[in-house]
**Student:** 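Have a look at this one before I ask anything.
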Amino acid sequence: MPLSRRNAIQNIFAGLAGSGLSLFSLEREDVREIPRGLRVLFQGDSITDAGRNRGDYYANRGGGMGQGYVRHIVTHMLGNHPGDELQIYNRGISGHKVFQLSSRWEEDCMMLKPDVLSVLIGVNDFWHTLSGRYKGTAKIYEDDFMALMERTKKGMPDVKLIIGEPFVLHEGTAIETPKWEGQFEAYQAASKRVADQFDAVFIPYQKVFDEAIKEAPTSYWCPDGVHPSMAGNYLMSQAWLKAFGKVMG
């Protein structure tokens with residue numbers, strides 16, 4: 001008999017024991033209290049952008065949230081915290097790498113003064129090297145990311161950080177596996193070092209998806225290997241909400 005949705009998702013996260021993202025409630029994130037007016041900012045590339053309307057840039061605007069994991073998170077948080085005056089922003093931009101985040105950081109991060117900053121970046125820092133569009137390395141990625149987070153903490157010392165691990169599903173239609181194996185892992189390890197350096201809560205998205213494909217194929221969760229399906233975005237949102245519970249203490 002096929003697993004129910006709830007059991008399937010719980011099985012996926014049960015496989016993450018030891019990562020701090022194991023079994024949790026699917027109804028509410030594990031947060032005792034959210035400060036009124038809390039500002040949350042999502043930053044990243046196309047996975048975060050997810051087709052958002054960049055002209056719809058005010059907090060909590062449906063068109064500005066895109067159709068990805070951020071939208072799942074925002075609808076959950078606004079629905080579960082009425083009256084708390086949450087302010088949630090999405091500033092992901094498709095195709096971006098760390099140095100491009102840095103070039104727009106003042107306007108798209110510092111001026112917004114988030115209380116919680118969530119960053120998922122890195123897949124393009126590697127992927128674009130394969131086509132010759134970018135001549136970066138894992139070291140450049142790590143150095144750029146470290147510098148960006150140092151700049152962030154210097155300007156906003158109290159900001160709480162969530163850093164997502166860049167991920168790839170090798171059965172995806174856009175992935176030439178031999179070109180990724182043995183190389184992309186260095187970028188993933190670098191993202192974890194950045195998170196550790198700045199006391200960020202780290203989301204091991206690679207492991208999340210590795211567990212997920214035990215329940216259903218890559219085509220169900222992330223068809224091209226990089227951009228999640230609706231189901232994959234839901235899965236990401238659940239991992240993020242758990243991380244949010246940890247960062248809020």
Side-chain angles (χ1 to χ4, degrees), residues 5-6 8-9 12-13 21 24-31 34 37-96 101 104 108-109 112 114-124 160-167 169 172 201 203-205 208-209 212 216 219-248:
R5 175 187 66 84
R6 185 182 183 89
I9 296 296
I12 289 165
F13 282 90
L21 292 171
F24 59 95
S25 167
L26 296 178
E27 281 73 42
R28 290 182 67 89
E29 71 285 350
D30 298 332
V31 179
I34 290 182
L38 185 79
R39 290 190 174 199
V40 180
L41 171 62
F42 291 89
Q43 274 288 0
D45 50 37
S46 58
I47 301 168
T48 300
D49 182 329
R52 70 182 177 91
N53 177 354
R54 295 175 197 169
D56 202 1
Y57 49 78
Y58 294 107
N60 307 340
R61 298 287 295 231
M65 294 301 137
Q67 298 299 319
Y69 75 99
V70 175
R71 188 176 189 87
H72 286 280
I73 292 164
V74 175
T75 57
H76 172 99
M77 292 183 69
L78 295 180
N80 278 289
H81 299 280
D84 285 343
E85 299 178 6
L86 301 180
Q87 300 176 59
I88 308 176
Y89 300 86
N90 184 352
R91 291 293 188 271
I93 294 184
S94 181
H96 271 201
L101 263 63
R104 59 185 176 85
D108 281 351
C109 179
L112 292 172
D115 300 297
V116 178
L117 171 63
S118 175
V119 184
L120 172 58
I121 196 73
V123 68
N124 293 321
K160 299 178 184 296
L161 297 175
I162 297 173
I163 291 179
E165 179 184 33
F167 59 88
L169 278 71
V201 174
I203 307 178
Y205 281 128
V208 169
F209 280 104
S219 59
Y220 183 78
W221 302 109
C222 190
D224 72 355
V226 172
H227 301 95
S229 64
M230 288 191 291
N233 279 307
Y234 175 80
L235 198 63
M236 290 181 68
S237 75
Q238 297 300 289
W240 190 94
L241 288 166
K242 184 64 178 181
F244 178 70
K246 291 183 67 178
V247 82
M248 295 303 295

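The residues of the chain are indexed from 1 along the displayed sequence. Worth knowing before you read on, the calculation uses all heavy atoms, side chains too, and leaves out hydrogens, waters and symmetry mates.
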**Student:** Please enumerate all residues that pass salt bridge (charged side-chain N to carboxylate O under 4.0 Å, His left out) together with Asp56, with sequence neighbours excluded.
**Tutor:**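 Asp56 satisfies salt bridge (charged side-chain N to carboxylate O under 4.0 Å, His left out) with Arg61 only.
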**Student:** Could you go through Ile203 and Ile162, starting from their C-alpha distance and side-chain angles, then the distance that decides it, and tell me whether this counts as side chain to side chain contact (heavy atoms under 4.5 Å, CB included)?
**Tutor:** CA-CA 7 Å; Ile203 307 178; Ile162 297 173; 3.6 Å; yes
**Student:** Please answer whether the main-chain N or O of Arg39 pairs with a side-chain N or O of Asp115 as donor and acceptor at a distance below 3.5 Å.
**Tutor:** yes
**Student:** Closer than 3.5 angstrom, by distance alone: can the side chain of Asn90 be matched with the main-chain N or O of Met65 as a donor-acceptor pair?
**Tutor:**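 At least one qualifying donor-acceptor pair exists.
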**Student:** What is the minimum heavy-atom distance between Tyr205 and Ala239, and which atoms define it?
**Tutor:** CE2-CB, 4.1 Å
**Student:** Do side-chain atoms of Ser229 reach the backbone of Gly232 as a donor and acceptor pair under 3.5 angstrom?
**Tutor:**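 Yes, the answer is positive, given that a donor and an acceptor are paired below the 3.5 Å cut-off.
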**Student:** Taking side chain as C-beta onward, heavy atoms only, is Arg104 less than 4.5 Å from Leu101?
**Tutor:** yes
**Student:** Checking the side chain of Gln43 only, and the main-chain atoms of Asp108 only, is there a donor and an acceptor separated by less than 3.5 Å?
**Tutor:** yes
**Student:** Centroid-to-centroid, Trp221 to Phe167, below 6.0 Å?
**Tutor:**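 Not close enough - the centres of the two rings lie 6.0 Å or further apart.
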**Student:** Assess the side chains of Thr48 and Tyr69: does a donor N or O sit below 3.5 Å from an acceptor N or O?
**Tutor:** yes
**Student:** First locate atom CG of Leu120, then atom CG of Asp49, and finally report the distance between them rounded to the nearest 0.5 Å.
**Tutor:** 12.0 Å
**Student:** With distance as the sole test, does Asp45 use its side chain to make a donor-acceptor pair with the main-chain N or O of Ile121 at under 3.5 Å?
**Tutor:**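 Side chain of Asp45 to backbone of Ile121, a donor-acceptor pair under 3.5 Å: no, none is there.
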**Student:** Is there a donor-acceptor pair closer than 3.5 Å between any side-chain N or O of Arg91 and the backbone N or O of Leu41?
**Tutor:** no
**Student:** Please name the pair of heavy atoms, one in Leu241 and one in Met77, separated by the smallest distance, quoted to 0.1 Å.
**Tutor:**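 For Leu241 versus Met77, the nearest heavy atoms are CD2-CG, 4.1 Å.
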**Student:** Determine the minimum heavy-atom distance between Ala216 and Tyr220, stating which atoms define it.
**Tutor:** CB-CD2, 3.7 Å
**Student:** What's the separation between atom CD1 in Ile93 and atom OG in Ser46, rounded to the nearest 0.5 Å?
**Tutor:** 11.5 Å
**Student:** Is the closest side-chain heavy-atom distance between Met248 and Val116 below 4.5 Å?
**Tutor:**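 Yes; the side chains approach each other to less than 4.5 Å.
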**Student:** Using modelled atom types and a 3.5 Å cut-off, is there a donor and acceptor pairing between side-chain atoms of Arg52 and backbone atoms of Gly92?
**Tutor:** yes
**Student:** Taking all atoms of both residues into account, what is the closest heavy-atom pair of Met236 and Pro228, and its distance?
**Tutor:** SD-CG, 3.5 Å
**Student:** What's the shortest heavy-atom distance between Ile73 and Ser237, and which atoms?
**Tutor:** CG1-CB, 3.6 Å
**Student:** Is there a side-chain contact between His227 and Ser94, using heavy atoms and a 4.5 Å cut-off?
**Tutor:**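 No, every pair of side-chain atoms sits at 4.5 Å or beyond.
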**Student:** Please tell me if the side chains of Phe42 and Ile88 come closer than 4.5 Å, counting only heavy atoms from C-beta onward.
**Tutor:** yes
**Student:** In a check of side chain to side chain contact (heavy atoms under 4.5 Å, CB included) between Cys222 and each of Ile47, Leu169, Leu235, which one passes?
**Tutor:** Leu169
